[in-house]
Amino acid sequence: MANNSQVRVRFAPSPTGDLHVGNIRTALFDWAYARHTQGKLIFRIEDTDRDRVTDEYIQAAIDTLKWLGLNWDEGPEVGGAYGPYLQSQRLEIYAEWAQKFLDNGDAYHCYCSADELEERRQLQMKNNQAPGYDGKCRDLSNVQIEDYKSKGRKPVVRMRMPQGETVFTDAIRGEVKFEHLYVPDFVLARADGSPLYTLAVAVDDILMKITHVLRGEDLLSSTPRQIRVYQAMGVAESDYPIFAHLPFVMGQDNAKLSKRNGEVSIAWYREKGFLPDAICNYLALLGWSPGDDKENITMQELVDLFTVERVNSSPARFDMKKLEAINGDKIRALSLPDFLDWALPFLMKANVISGSDDEIALVKKALPIIQERIVTLGEIPAMLNFLFVKNFAVDPEEQPKLVEAAAQEVLKVALTKVESLEKWDHTSIEEVLRKALIEELGLKPRIAFSALRIAVTGSHISPPLFESMELLGRDGSISRIKSAISA
RNA sequence: GGCUCCGUCGUCUAGUGGCCUAGGACUCUGGCUUCUCAAGCCAGCUACGAGGGUUCGAAUCCCUUCGGAGCUACCA
């Protein structure tokens, strides 16, 4: 196996859509392994299928990795000695190798049409045979070739699989063996000369001197094809990369993660208000574990602890609840300046604030009292809206609770006490209200403060009442209590 | 169908022959705390897919079986 001293891992997505949870978990492991070994992370775009990969998706993939903090050493935007890193810019390279394979007899031209192949496949299935290319064009005579050409047929390049078997050691699963009987000759390049995944991935991994291939389990059965290409390239077995096939991340119902059973696009989590560190922390726990009972880890701890040996081989189910729990932990651990930086864009986007200095100052004061009450940043606007809203109105569903006689009594007493307060801070407010409502009127705290809470914040669920009143200010609080009384 | 991978609480996992009457986390349930909601604290529920071996001893090793997943493309 590869014995280079410098570890070179690659993350090579085919951006046919927004990067999803599974992609990111792979990227995260690739990144963590590169950093753990102080090796290099190579970011390569597999866009050989330009019908499905768009520039927008490529850019989105780049942005997503950056947002998550998964930086790369070679690839788009940073370049590197083995570029270009977009496969669509490496077409001549693949064409050269395809030609070389043809010249050496490792590959051959196949003139079968898609329809013919499909027809034969159906027949194979019907006869209970393993479907796959039957080798029809393996040894075409010159006459046959001329005949095809005269009919205007354009050939694809197909790799010749020799008899035998391919055995390799997967770093996660151990020895895996494939009999070539079940690995049919596969297509390397289309009739127009454009390469297919099997050609490009193998050529690039060798040319880019990749030492470790950590990728999804779905690619496990394509590994013998890649190894076949290495052989045709004349690569020594000791220079093959080490393969490590990561277990799947699945949805709730044991199916591959999809829109149906949970949001898959990382962009969605970003908008919802999940922190990159929380996403990475959670994803790291899918198929890997730090080994001890500690699960809430930092990116640095992940780097320090991550080894392929500790990666599981069994698939994991994605659990939104646990992600939320971790996100809540991460939010609570945020410093106030960091929390402010994360919170502001959400408040602006929801039009709760416009971004003035006064508003920001107030947000800064309010954040500590909601920090342990939210699970995602997206909940912040609703939590703080009562401080900024111009036309305040009590939630219609809460309104009935205010008109009750007992509530009116509380509000009236509270109003007079609060109006005569000299210092407007939460301790003074709490002190005077407790004295008047709890001690003197003998009310239970939860009863006494409920009406006030609704009057001031508009809902029976809110940040702590006295702090909320302090932040709202004397005038605002008093006028809201007044309007609750007259209502 | 064939090939390949996988199988510990509901979920993520710890566990590599005795430390396991199986540990942690999330969820759920009950309680404490409490100005609401949270947070925090305490307690509880629940698992080695099944069946055979090997062994003094098995979640850990072997076999069979059942289940799940992936691949089986001129997608990646």
Side-chain angles (χ1 to χ4, degrees), chain A residues 12-16 46-49 51-53 110 112-114 117-118 121 124-133 154-158 170 172-173 176-179 181-184 186-192 194 196-198 200-201 215-224 245 247-248 250 252 254-256 282 285-296 312-326 328-329 332 370-375 383 430 433-434 437-438 444-450 452-454 457 459-468:
Chain A
S14 180
T16 54
E46 311 232 324
D47 57 345
T48 51
D49 186 354
D51 288 345
R52 297 172 64 214
V53 178
C110 170
C112 298
S113 71
L117 290 172
E118 184 54 32
R121 206 186 335 272
Q124 287 169 325
M125 305 245 267
K126 204 175 133 197
N127 295 337
N128 229 345
Q129 290 174 305
Y133 188 67
K154 293 267 190 273
V156 300
V157 179
R158 204 178 273 279
D170 185 281
I172 292 170
R173 290 151 211 281
V176 184
K177 188 198 303 187
F178 289 88
E179 308 230 1
L181 196 58
Y182 307 110
V183 186
F186 54 98
V187 176
L188 293 167
R190 302 182 178 90
D192 66 3
S194 62
L196 256 36
Y197 170 77
T198 23
V201 71
R215 37 128 78 145
E217 180 187 341
D218 49 334
L219 273 340
L220 183 60
S221 46
S222 84
T223 307
H245 289 92
F248 280 118
M250 300 188 299
Q252 308 298 336
N254 243 10
K256 260 179 112 171
Y282 175 64
L285 265 19
L286 260 29
W288 175 84
S289 86
D292 56 15
D293 289 340
K294 189 181 178 190
E295 290 195 331
N296 189 327
N312 272 85
S313 49
S314 51
R317 240 87 29 189
F318 184 84
D319 181 8
M320 182 74 80
K321 280 280 198 294
K322 185 147 184 177
L323 204 212
E324 287 174 347
I326 290 176
D329 285 342
R332 265 167 255 132
I370 63 164
Q371 190 161 17
E372 67 185 25
R373 275 161 238 276
I374 57 170
V375 156
M383 281 266 180
E430 177 164 11
L433 288 179
R434 275 193 188 280
L437 300 174
I438 313 301
K444 285 200 189 309
R446 63 185 309 135
I447 307 290
F449 300 130
S450 173
L452 268 174
R453 178 187 312 286
I454 294 170
T457 70
S459 167
H460 77 281
I461 298 173
S462 82
L465 178 60
F466 313 114
E467 283 84 345
S468 296

Nucleotide paired to B:U21 in any strand shown, Watson-Crick or G-U, under 3.5 Å: none

Does A:Pro464 reach a base, just sugar-phosphate, or nothing at all? Heavy atoms under 4.0 Å. base

Which whole number of Å gives the distance between the C1' atom of B:G49 and that of B:C66? 7 Å

Any chance you could measure A:Arg121, atom CZ, to A:Glu118, atom CD, to the nearest 0.5 Å? 4.5 Å

Rounded distance (nearest 0.5 Å) linking atom OG of A:Ser221 with atom NE2 of A:His245: 8.0 Å

On a heavy-atom basis, which atom in A:Arg190 and which in A:Leu196 lie closest, and how many Å separate them? CZ-CD1, 3.3 Å

Can you tell me how far OH of A:Tyr197 sits from OG of A:Ser14, rounded to the nearest 0.5 angstrom? 9.5 Å

Per-nucleotide protein contact string for nucleotides 15-33 of chain B, where B marks a base within reach and S marks sugar-phosphate only (heavy atoms under 4.0 Å, - for neither): S-------SBBSS------

Among B:C35, B:U36, B:C6, the nucleotide that comes nearest once only the side chain of A:His460 is considered: B:U36

Round to a whole Å and report the spacing from CG of A:Leu286 to P of B:C6. 18 Å

Quick check for you: among B:C5, B:A38, B:G7, whose closest atom lies nearest to any side-chain atom of A:Glu372? B:A38

Strand partner of B:A38, provided both Watson-Crick or wobble distances fall under 3.5 Å: none

Rounded distance (Å) that lies between atom P of B:C3 and atom CD of A:Glu217: 18 Å

Please pick, from B:G7, B:U13, B:C35, the nucleotide with the shortest atom-to-atom distance to any side-chain atom of A:Glu467. B:C35

Below 3.5 Å, does any donor atom in the side chain of A:Arg446 face an acceptor in the base of B:C35, or the other way round? no

Atom CZ of A:Arg453 and atom C1' of B:U34: how far apart are they, to the nearest Å? 11 Å

Ring pair (Phe, Tyr, Trp, His ring centres under 6.0 Å) involving A:Phe466 - partner list, sequence neighbours excluded: A:Phe449

Which heavy-atom pair separates A:Pro184 from A:Gly132 by the least distance, and what is that distance? CG-CA, 3.8 Å

Partners of A:Ser450 by side-chain hydrogen bond (donor to acceptor under 3.5 Å, both in side chains), sequence neighbours excluded? none

Which part of the nucleic acid does A:Gln124 contact within heavy-atom distance under 4.0 Å: base, sugar-phosphate only, or nothing? nothing

Measuring only the P atom in each nucleotide, how far is B:A50 from B:U11? A whole number of Å is fine. 14 Å

How many whole angstroms separate atom CD1 of A:Ile326 from atom P of B:U13? 12 Å

Of the candidate nucleotides B:C71, B:C35, B:U13, which contains the atom at the shortest distance from the side chain of A:Ser221? B:C71

If I compare all heavy atoms of A:Trp288 with all of A:Asn312, which pair ends up nearest, and what's the gap? N-OD1, 4.2 Å

Would you say that A:Thr223 contacts A:Asp170 through its side chain, given a criterion of any heavy-atom pair below 4.5 Å between the two side chains? no

Interatomic distance at P, B:A43 relative to B:C48, whole Å: 24 Å

When we call it a touch if two heavy atoms are under 4.0 Å apart, what does A:Gly287 touch: a base, just sugar-phosphate, or nothing? sugar-phosphate

Side chain to side chain contact (heavy atoms under 4.5 Å, CB included) between A:Arg158 and A:Cys112, worked out: CA-CA 11 Å; A:Arg158 204 178 273 279; A:Cys112 298; 5.6 Å; no

Enter the distance from A:Lys444:NZ to A:Ile438:CD1 here, rounded to the nearest 0.5 Å. 10.0 Å

Point-to-point distance, once rounded to the nearest 0.5 Å, from CG of A:Leu452 to CG of A:Leu465: 6.0 Å

What interatomic distance, in whole Å, is found between C1' of B:A14 and the corresponding atom of B:A22? 10 Å

With a 4.0 Å cut-off on heavy atoms, is A:Leu220 in touch with a base, just the backbone sugar-phosphate, or nothing at all? sugar-phosphate

By the Watson-Crick or G-U definition, both distances under 3.5 Å, B:G57 is matched with none

Heavy atoms under 4.0 Å, any strand shown: does A:Asp192 hit a base, just sugar-phosphate, or nothing? nothing

A:Arg173 meets the salt bridge (charged side-chain N to carboxylate O under 4.0 Å, His left out) criterion, sequence neighbours left out, with A:Glu217

Can you tell me how far the CE atom of A:Met383 sits from the OG1 atom of A:Thr457, to the nearest 0.5 Å? 10.5 Å

Need the pair for B:G2. Rule: Watson-Crick or G-U wobble, both distances under 3.5 Å, any strand; none if unpaired. B:C71

Closest listed nucleotide, where the reference is the side chain of A:Arg173 and the choices are B:C5, B:C37, B:C3: B:C5

Considering only atom P, compute the distance from B:G7 to B:C12 and round it to an integer number of Å. 12 Å

Separation of the P atoms in B:U65 and B:U4, to the nearest angstrom: 15 Å

Rounded distance in Å - CE (A:Met250) to P (B:C5): 17 Å

Side-chain donor/acceptor contact of A:Arg373 with base of B:C37 under 3.5 Å: yes

With a non-hydrogen cut-off below 4.0 angstrom, is A:Phe466 in contact with a base, only sugar-phosphate, or nothing? base

Pairing nucleotide - B:U33, Watson-Crick or G-U, each distance under 3.5 Å: none

Expressed in angstrom and rounded to an integer, what is the separation of A:Tyr182 atom OH from B:G1 atom C1'? 12 Å

So, the side chain of A:Asp192 versus the backbone of A:Ser194: is there a donor-acceptor pair under 3.5 Å, distance only? yes

For nucleotides 41-49 of chain B, give me one character per nucleotide, 5' to 3': B if any protein heavy atom sits under 4.0 Å from the base, S if the only such contacts are to the sugar-phosphate, - if neither. ---------

Let me know the distance between CD of A:Glu324 and C1' of B:A38, rounded to the nearest Å. 14 Å

Distance between the P atoms of B:C5 and B:C9, in whole angstroms? 22 Å

Over how many whole Å does the gap from A:Phe449 atom CZ to B:C37 atom P extend? 15 Å

C1'-based separation of B:C42 from B:U34 [nearest Å]: 16 Å

In Watson-Crick or G-U wobble terms, both distances under 3.5 Å, what is the partner of B:G7? B:C66

Just the atom pairs and distances: protein N or O near nucleotides 73-76 of chain B's N or O, under 3.5 Å.
residue : atom : partner  : partner atom : Å
B:A73   : OP2  : A:Arg121 : NH1          : 2.9
B:C74   : N4   : A:Cys112 : O            : 3.1
B:C75   : OP1  : A:Arg190 : NE           : 3.4
B:C75   : OP2  : A:Arg190 : NE           : 3.2
B:C75   : OP2  : A:Arg190 : NH2          : 2.8
B:C75   : O2'  : A:Asp49  : OD2          : 3.0
B:C75   : O2'  : A:Arg52  : NH1          : 2.2
B:A76   : OP1  : A:Thr48  : OG1          : 2.6
B:A76   : OP2  : A:Tyr197 : N            : 2.9
B:A76   : O3'  : A:Glu46  : OE1          : 3.4
B:A76   : N6   : A:Arg225 : NH2          : 3.1

